[in-house]
Amino acid sequence: MLLSFEEFEAFQPTRETYALFGYPLGHTMSPALHHALFAAASRDADYIAVTVPPELLADALALARQKLAGINLTIPHKKAVIPLLDAVDQSAADLSSVNTVAFRDGKAIGFNTDILGFAESLERDGVSLRGKKVLLLGYGGAAAVMGYHCLCEGAHLFITGRNPEKAQALCNHLTRVLPSAKCTVCTRRQIPKDTAVVLNATPLGMFPREDKTPLYFLPRKTVYVFDAIYNPPVTALMKLANPRRTKTRDGLFMLVMQAARAQTIWYNAQFSDTACESILRRMYGQMAVKRLHDKYHKRHIVLCGFMGSGKTTVGRKVARLTGLPFIDLDRYIEEQTGMSIPDLFAQHSEPYFRDLETKYIAELTAQQEGCVLSLGGGAVLRPENVATIKQTGLLILLDTPFFRIIKNLSHSTNRPLLEKEDKLAETRRLYQARKPVYEQAADLRVRSPRLGEVVERTLKSI
Ligand code: NAP
């Protein structure tokens, strides 16, 4: 729920309620994220977003003390709120940035949970910072948080950006609050070759300008790249990393964990790693749907690939994580005709079945409600079907390795095209014939032998 300030004045909560204050506030993931966390903690609570113009922040905070159990703050209120609070936690005071306020015994206390979210991202990836050279790209709010944590952990921080004076100002600020910290401002040419960790705290690479990157190549010894951006989930900077040498992480886990730690501060919520992981996956699912609409202007996620490539299993999981309904085309045809696929082939013919596919693909993709649609292995062999699908759907190829397909098919008894003598040779022939057709038809391609990985890669590929 997004309220104007006037609506917030009239708002009467009916249960424990928390809010995000910002200005302007467009699309924000915070309410969905906090509701997912409330559900994980079995907390009967609500979370709203309120547009609070800068001149009304004091009034909004006064109302929050009466009506709300806690608040989050975003741009432009993180610094402006500090003089209005009764106390501020040490790191939030050092950073002059508060994103979480708890109301305790009539007092408003400020915290910064972005720093906890960032720290937990690095911890999750097993990144140790002590004695490491860390390159920080940018010098704004997120840069201050990330730089502060790195210095607290004993890293040597190098800050770079397009305005050296602003970079120096952040460096001066950090060394003032952490006097023994090692912090240096550098130009791009002065970036140390033995930089181990690269952190992006600029919006370069964010949707819709996804081709932008704050660096064109990574220092040779980079072992970890963290990008605070989470739309897209894989940024141009992250793509510079060689996956064999360099781990990468986008900003979504930081976002999830800053919210989780806000709830810990508000009502002592504890979240298991599994709960956080499951919320993270759902946030990737929501992000995928948002990108499906905003970037591709489509409403369906359509999975194609060879029989046995895992389209049904992956499709069902992708549907659960995106919140879209799942439809398996073969099952749908069986339901509509009242006949099994082997019977349709045996009692009619393959062309008869292909005509049914064409008919139901047109019917399903014309529906207004978005869905995850898994196609049969031969459905994209007709160019007419591909053209229909692409009007409203994003066509993703599950490019499953052949050995995995064989393993999957070894359990199958429902594949009419494989009812031949030499099954393996026939399957290989079909696979080789169809692979280039799939590749040409698909908008995106996901390749991995591991099922768990395919689901995550499918979501992140969008
Ligand atoms: P900010 O305070 O406005 O700082 C932005 C920084 O990026 C500044 O150093 C700015 O330099 C630099 N910058 C902006 N446009 C640039 C360009 N075209 N070329 C080079 N540098 C440019 O913003 P912020 O709050 O720190 O956010 C930075 C990024 O972090 C955003 O993408 C935001 O979404 C992300 N973020 C993520 C999380 C999370 O939880 N994952 C949390 C906070 C922020 P100038 O001052 O010279 O323009």
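First listed ligand is number 1; within each ligand, the first listed atom is number 1. Numbers here are sequence positions counted from 1.
In this structure, atom 14 (C) of ligand 1 lies nearest to the protein heavy atom P203 CD, 3.3 Å. When hydrogens are left out, the protein atom nearest atom 33 (C) of ligand 1 is M206 SD, 4.8 Å; that is the closest non-hydrogen contact. Counting only heavy atoms of the protein, atom 4 (O) of ligand 1 lies nearest to G140 CA, 3.4 Å. Closest to atom 42 (C) of ligand 1, if we only count protein heavy atoms, is M254 CE, 4.0 Å. Closest protein heavy atom to atom 48 (O) of ligand 1: R162 NH2, 2.7 Å. In terms of protein heavy atoms, atom 47 (O) of ligand 1 is closest to Y139 OH, 2.5 Å.
Those atoms of ligand 1 that come under 4.0 Å of a heavy atom in G138, given as number and element, are 9 (O). Taking every non-hydrogen atom of I229 and a distance limit under 4.0 Å, the qualifying atoms of ligand 1 come out as 32 (O). Using a 4.0 Å cut-off to heavy atoms of L255, the atoms of ligand 1 that qualify are 40 (O).
The shortest distance between side-chain heavy atoms of I265 and R104 falls below 4.5 Å. For the pair I48 and L20, the minimum side-chain heavy-atom distance is 4.5 Å or more. At a threshold of 4.5 Å between non-hydrogen side-chain atoms, the residues F38 and D44 do not count as touching. Side-chain atoms of D443 and I396, non-hydrogen and from C-beta on, never get closer than 4.5 Å to each other.
A donor-acceptor contact shorter than 3.5 Å is absent between the side chain of H300 and the backbone of K390. With T246 contributing its side chain and A241 its backbone, the two residues share no donor-acceptor pair below 3.5 Å.
The proximity of Q258 to ligand 1, defined as any non-hydrogen pair under 4.0 Å, does not occur for either the backbone or the side chain. Of the heavy atoms in L204, only side-chain atoms (C-beta onward) come closer than 4.0 Å to ligand 1. Proximity of K166 to ligand 1, defined as any heavy-atom pair under 4.0 Å, is confined to the side chain (atoms from C-beta onward).
When G141, A201, G251 are checked for heavy-atom proximity to atom 6 (C) of ligand 1, A201 turns out nearest. In the candidate list T202, T113, L252, T202 is nearest to atom 29 (C) of ligand 1, counting heavy atoms. The residue among P164, G161, A228, A142 with a heavy atom at the shortest distance from atom 24 (P) of ligand 1 is A142.
Remark: R320 is not positioned above the aromatic ring of F326, lacking an NZ or CZ atom under 6.0 angstrom from the ring centre and at most 45 degrees off the axis. The cationic atom of R291 (NZ for Lys, CZ for Arg) does not lie both less than 6.0 Å from the six-membered ring centre of Y296 and within 45° of the ring axis.
Below 3.5 Å of separation, one finds no N or O of Y230 facing any N or O of ligand 1. For ligand 1, the polar-atom distance check finds no N/O of D114 at less than 3.5 Å from any of the ligand's N/O atoms.
Within a 4.0 Å radius of atom 18 (N) of ligand 1, the protein contributes one or more non-hydrogen atoms.
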Practice prompt. Any chance you could lay out the side chain to side chain contact (heavy atoms under 4.5 Å, CB included) test for K193 and K221, step after step, and finish with the verdict?
Written response: CA-CA 7 Å; K193 290 195 172 38; K221 299 204 169 159; over 6 Å; no
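Between the side chains of Y148 and D114, no donor-acceptor pair of N or O atoms lies under 3.5 Å. Side-chain polar atoms of T113 and N99 form a donor-acceptor pair below 3.5 angstrom.
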